[in-house]
Protein chains: 2
Amino acid sequence: MKNNEYKHCGLNVALTILSGKWKPMILYYISHTPEMRFTELWRIIPKITKKVLLDQLKQLEADGLILRQEKSGFPPEVSYQISEKGHALSPVLSALEEWANVHVSEKVEQFEQESGTRRWRRNGR
Amino acid sequence: MKNNEYKHCGLNVALTILSGKWKPMILYYISHTPEMRFTELWRIIPKITKKVLLDQLKQLEADGLILRQEKSGFPPEVSYQISEKGHALSPVLSALEEWANVHVSEKVEQFEQESGTRRWRRNGR
DNA sequence: CAAGAAGGTCACATATATGTAACCTGTTCA
DNA sequence: TGAACAGGTTACATATATGTGACCTTCTTG
């Protein structure tokens with residue numbers, strides 16, 4: 001170890017921002033639709049709870065990856081869009097995905113099968 | 001939503017593999033040293049516990065990002081190296097890091113300051 | 001007038017990740 | 001002989017993330 005200290009906080013920050021059981025899926029749907037309404041998103045994503053969906057949306061919004069737009073009136077009408085930051089992230093996410101498909105394809109296939117059933121973070125493996 | 005289902009499990013797998021409070025740092029040090037011994041790593045990384053360091057090393061090894069090499073004899077001598085998979089990942093991680101530095105630089109700076117103090121996953125924000 | 005609509009909150013329960021400290025292994029060295 | 005060494009395990013405690021269900025709003029419709 002010369003003087004190469006660990007100064008790569010950006011990586012930690014990025015991973016923190018992305019960490020959340022449903023975030024990749026949420027980002028995916030939001031970035032592939034011009035205006036995604038809350039309820040539609042909830043309908044599309046199989047097993048998430050309203051509360052958790054809301055939590056993760058709030059985090060994504062706070063981190064600037066998505067934009068929330070609220071039209072006044074009743075019933076409420078809220079929709080989400082991908083932001084510029086979020087858009088800038090997507091090639092990087094594709095690269096990550098590509099890496100996984102090439103280098104850990106067994107795990108990817110396994111994941112596809114268990115999908116919806118499994119728990120997110122490990123340690124129980 | 002046409003028929004564009006979410007089939008991007010690779011991203012989930014990659015993020016799962018990378019998720020762990022100390023993994024980016026561990027990966028960094030291992031990939032920047034030809035042979036990193038357990039104890040040296042432990043000495044270098046400020047506040048991690050032996051147990052947690054071991055856990056994360058095991059996960060990284062199980063996921064194939066690093067290689068563990070054990071020389072027989074006493075006292076034990078174990079060293080870690082980056083694997084080919086791990087090596088292949090590093091440009092992607094750099095891209096992530098770059099994204100963070102460009103798009104969420106405030107958070108990165110904040111992270112640098114709190115470093116070591118802060119907790120990893122949020123929700124308490 | 002009761003129920004359903006969309007988006008959201010709250011209090012609480014469970015699951016998973018991380019941390020703390022004690023203990024174990026055979027050499028070597030004082 | 002007993003302390004230090006490197007790497008590791010174990011039982012337990014705490015922190016954080018996710019899940020469940022009840023409740024709230026105000027307008028519209030049956």
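Here is the naming used below: chain letters follow the sequence lines, and residue numbers restart at 1 for every chain.
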Visitor: Does A:E35 have more than 12 heavy atoms from other residues, nucleotides or ligands lying within 6.0 Å of its CD?
Guide: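 Check passes, neighbour count above 12.
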Visitor: Identify all pairs in which a protein N or O lies below 3.5 Å from an N or O of nucleotides 9-14 of chain D, and state each distance.
Guide:
{"from": "D:dT9", "atom 1": "OP1", "to": "B:K58", "atom 2": "NZ", "distance (Å)": "3.4"}
{"from": "D:dT9", "atom 1": "OP2", "to": "B:K58", "atom 2": "NZ", "distance (Å)": "2.7"}

Visitor: Quick one: A:W42 CH2 to D:dT18 P, roughly how many Å, whole number?
Guide: 18 Å
Visitor: Nearest-Å distance, CG (A:D55) to C1' (C:dA11)?
Guide: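 Going from CG in A:D55 over to C1' in C:dA11 covers 14 Å.
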Visitor: What pair of heavy atoms forms the shortest contact from A:I82 to A:H87, and how long is it?
Guide: CG1-N, 3.8 Å
Visitor: For the pair B:W99 and B:H103, name the ring-plane relationship: parallel under 30°, tilted 30 to 60°, perpendicular over 60°.
Guide: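 B:W99 vs B:H103 ring planes: parallel.
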Visitor: Expressed in angstrom and rounded to an integer, what is the separation of A:E40 atom CD from C:dG7 atom C1'?
Guide: 15 Å
Visitor: How many whole angstroms separate atom CZ of B:F38 from atom P of D:dA6?
Guide: 11 Å
Visitor: Kindly state which residues belonging to residues 75-82 of chain A come within less than 4.0 angstrom of DNA chain C, counting heavy atoms of the residue only, listed by number.
Guide: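 Going residue by residue through residues 75-82 of chain A, the ones with a heavy atom under 4.0 Å of DNA chain C turn out to be A:P75, A:P76, A:E77, A:V78, A:Y80.
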Visitor: Step through the shown structure and confirm whether more than 12 heavy atoms of other residues, nucleotides or ligands are within 6.0 Å of CD on B:E61.
Guide: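 For B:E61, atom CD is crowded (more than 12 foreign heavy atoms under 6.0 Å).
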Visitor: Grab the two heavy atoms, one from B:S79 and one from B:K71, that are nearest each other, plus how far apart they are.
Guide: OG-NZ, 4.3 Å
Visitor: Does B:E40 come within less than 4.0 Å of B:R43, counting only side-chain N to carboxylate O?
Guide: yes
Visitor: Output the rounded distance in Å from CG (A:L41) to P (C:dA6).
Guide: 14 Å
Visitor: What pair of heavy atoms forms the shortest contact from A:A88 to A:V92, and how long is it?
Guide: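 Taking every non-hydrogen atom into account, O-CG2, 4.3 Å.
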Visitor: Indicate the atoms forming the closest heavy-atom contact of A:K50 with A:F38, along with that distance.
Guide: CG-CZ, 3.6 Å
Visitor: So that I can tick it off, tell me whether B:D63 and A:K107 are bridged by a salt bridge, with the cut-off set at under 4.0 angstrom between side-chain N and carboxylate O.
Guide: yes
Visitor: In terms of the nearest nucleotide of DNA chain D, which residue is placed more toward the 5' end: A:I48 or A:F74?
Guide: A:I48
Visitor: Determine: side-chain N/O of B:W22 to OP1/OP2 of C:dG19, distance under 4.0 Å, yes or no.
Guide: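 True: B:W22 side-chain N/O within range (under 4.0 Å) of C:dG19 OP1/OP2.
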Visitor: What is the distance from CD of A:Q69 to P of C:dA6, rounded to the nearest Å?
Guide: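 It is 18 Å, rounded to the nearest whole Å.
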Visitor: Can you measure A:L53 atom CG to D:dT18 atom P for me and round it to whole angstrom units?
Guide: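 Rounded to the whole Å, the gap is 12 Å.
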Visitor: Could you state the CZ-C1' distance from A:R43 to C:dG7, rounded to the nearest angstrom?
Guide: 16 Å
Visitor: Under 4.0 Å: is that the gap between some side-chain N or O of B:K71 and OP1 or OP2 of D:dA6?
Guide: no
